[in-house]
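A note on names: the letters A, B, ... follow the listed sequences, proteins ahead of strands, and every chain is numbered from 1.
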Amino acid sequence: MDIVNQLQRQFIDHSTSLHREGIVDDQFTELQKLQDENSPDFVVEVVSLFFEDSEKLLNNMARALEQAQGVDFKQVDASVHQLKGSSSSIGAMRVKNACIAFRSFCEAQNREGCLRCLQKVTHEYSLLKNKLQSLFRLEQQILAAGGSIPVAK
Amino acid sequence: MTVERIVSETKDQFPIGMRVLAVDDDPTCLLLLETLLRRCQYHVTTTSQAITALKMLRENNNKFDLVISDVHMPDMDGFKLLELVGLEMDLPVIMLSANDDTKLVMKGITHGACDYLLKPVRIEELKNIWQHVIRRKKFDRKDWNNSGSQDKPCADSSEAAGIGNADNNLKLNKKRKDQNEDEDEDLDENGNDNDDPSAQKKPRVVWSVELHRKFVAAVNQLGIEKAVPKKILELMNVEKLTRENVASHLQKFRLYLKRISCVANQQANMAAALGTVDSSYLRMGSLNGLGNFHALAGTDQLHNAAFRSFPPSGVLGRLNTPAGLGIRGLPSPGTIQLSHVQNSGHSSNDQSKMQSFVPGNHNTNILQGMPMSLELDQLQNNKGDSRIGELPTVNSTAVFPVSGSLIDSQIAGFSNNPLLGVKSNSLMLEGSSQQATLHACNLRDGVSAIGFQNGNTLSDFASIDPVSSRLRDSKADLQGQAAPINCNAGPMIRSVPQEWKAPRKDALYQSHLMSCSVNSSIPVNGAMVQLDQCLDRNNSIFHRTMDSGSMGPLNFFYPLSIKHSKGLNSAMEPSVTEKEGYFTYQLRPQGNHIPDNIGSLEDLASAMMKSDQDKRKSMDGNFKHDNYSRRTCM
């Protein structure tokens, strides 16, 4: 089936680029491996949860950093730490790295630095989200066309 | 179920089906962890709140084999959770964090984590976590065995009987292991030594069933809290029985009561062991201890065993077993003497513990009583701080490894807060009902067994699972408990008589009682003695429990001199010395250095409490076996 093959090829390309660009790492692959007949939507589920949670955390950080009276760096740090944990759990490497850098600015209590980091993290996060959503869409299309998802690597 | 059972149930498939509780506030990580764990074929329960996790764990000690927890959580610090779990339930805890900072890892280890994993967690790592469960079980069991080496049978049975809390018990044992071992050894040695000399010095009173029955009746009549040797003696109206005899017997009895309350679970065991005696005990309601009591009275060895069986390692649940063991063993020898052991184990906990003999509520009461003394310092022993203060929560950990469960068990009987005074102090532990054990009443002989819980006993109780749980609640109960104990004591005492026949034991009692010199001149002779008696045997037990750090310095020096021809030697009068605020029962050998008029129970209680506290501090779970052991051999 042309369509299926086409879609599958697209899927592979997309997946490869994600890894190549470092948007996701091996942990993501592990996640995909965990998906099976018993939990066919596992990856989507986890990633969706991640998106939800991350957005909340990013908002927390933004709010905390906006405080005119004084930034509660501890709170910011806590949020960053959590984001770091969850992003590493799903394999969102760039987001994770951005968080690591973010934390050092939090420790230094450097508001400017934190704001910059927040920007970077938000950017990486958006990128990740877009890419993953495209990937999932492709998956669905393949399945809808009757094909099977190519196994990563 | 016992560890053994648990293990065997899943043994074939273990680690498949291992029950894990996963705690992480990050939903993404939690879901991932859950999936990974399920992939490893474990049985997973998840929660994002540490508080919920604790609640789940406390609800049922045996529901989980392992806990995995994140370090950073909003509602509670992961390390704190780790500590609490270790203290209360003694389950292996694995820490999880995205932060691999060495300091944090170190912190995890010092707080007792058995492993520290970094996020993202890989399935390969999770595939091996079951080893921690096995290791802990083995370790605990071994410790326990070591501690109670002398009482192998008891220990084994205790383990076997595990009673549900086996795991916990084992774990507790592990914690207490050192103490127990030390204590046991000390006690045993001392006890033996003391026995001879004291025996030689004074003729011993044989507490026959009849005699004991009278004793119990007298105590009942007076009320456990008000039962002083003098009055008991009067009521009993037995010729040639001295106040000292009664005092020491009372002490034992008290210990016994304490013990029973702790070992409510062991009722069954006891029943089996004691046969008729058991039934009588069982009648008493949760006076399981009684059964044990008697049984313990049997042979010294049994006592030891019995006590041993109560290794703190979460033995609360096990108390039954040891008791049972003791009992079983005892009957044969024919001298079911007040099983000091039973009480002693508990009694050490604290005077407050004595309270725990609250029949019926035992569990709660006991704990209540117990925690008190223990909690005070002892609790701190182990994990230190959290224990004591936390009795309520720590249930088992602090004071008794067996939190709560003990209380239920059996402290019934004597949960009366023998030491009223103690109560107040001892309530610290949450009103460990254990107090009952310390009934200040001069139930010298009889009570000795009653969980004299000077601080130390708490530890014993602590080990009792039932107690531990109760401890939590016990605070409030403790007060209440006091009352019930009285009632229970009565019946218990009655049933006890049967057991108390061993002439030899009497001597022991006496010595025990004596040794428990309650310096504070509190006529806690009985109680103290018991402790002593138990001490011999209980050394192991006490020690065990003591490790919870509670039991203040129970200096039970069972004065072997207690041998009284008829019965209680006045020398037995345990003197509760308030040393540094601890109620130290020092049974001075030979003679009662403690005047009978130790004053009111309250005094005794307070003294005891104090000494307990002191003891606890010093003992830190190390029940001063020396004192006990020496004396116990009446």
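- Residues from residues 95-106 of chain B that place a non-hydrogen atom less than 4.5 Å from a non-hydrogen atom of chain A comprise B/S97, B/A98, B/N99, given in numerical order.
- Atoms NZ and NE2, on A/K84 and B/H72 in that order, are 9.0 Å from each other to the nearest 0.5 Å.
- Contact residues of residues 89-103 of chain A toward chain B are A/S89, A/I90, A/R103 (heavy-atom distance under 4.5 Å).
- With a threshold of 4.5 angstrom between heavy atoms, A/S39 approaches chain B through side-chain atoms but not through N, CA, C or O.
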Side-chain donor-acceptor distances from residues 134-149 of chain A under 3.5 Å, at least two apart:
from: A/S134; atom 1: OG; to: A/N130; atom 2: O; distance (Å): 2.9

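- Residue contact with chain B, scored on non-hydrogen atoms closer than 4.5 Å, involves the backbone and the side chain of A/Q82 alike.
- Options B/T28, B/L36, B/L32, B/T35 differ in how many heavy-atom pairs under 4.5 Å they form with chain A, and the most are formed by B/T28.
- Heavy-atom distances place no part of B/D24 under 4.5 Å from chain A, backbone and side chain included.
- When each of A/V47, A/N38, A/V46 is checked for heavy-atom pairs under 4.5 Å with chain B, A/V46 comes out on top.
- Of all residues in residues 113-129 of chain B, those placing a non-hydrogen atom less than 4.5 angstrom from a non-hydrogen atom of chain A are B/K119, B/P120, B/V121, B/R122, B/I123.
- Within a 6.0 Å radius of CD in A/Q67, other residues, nucleotides and ligands contribute more than 12 heavy atoms.
- When each of B/L30, B/L31, B/D26 is scored by its heavy-atom pairs under 4.5 Å with chain A, the top score falls to B/D26.
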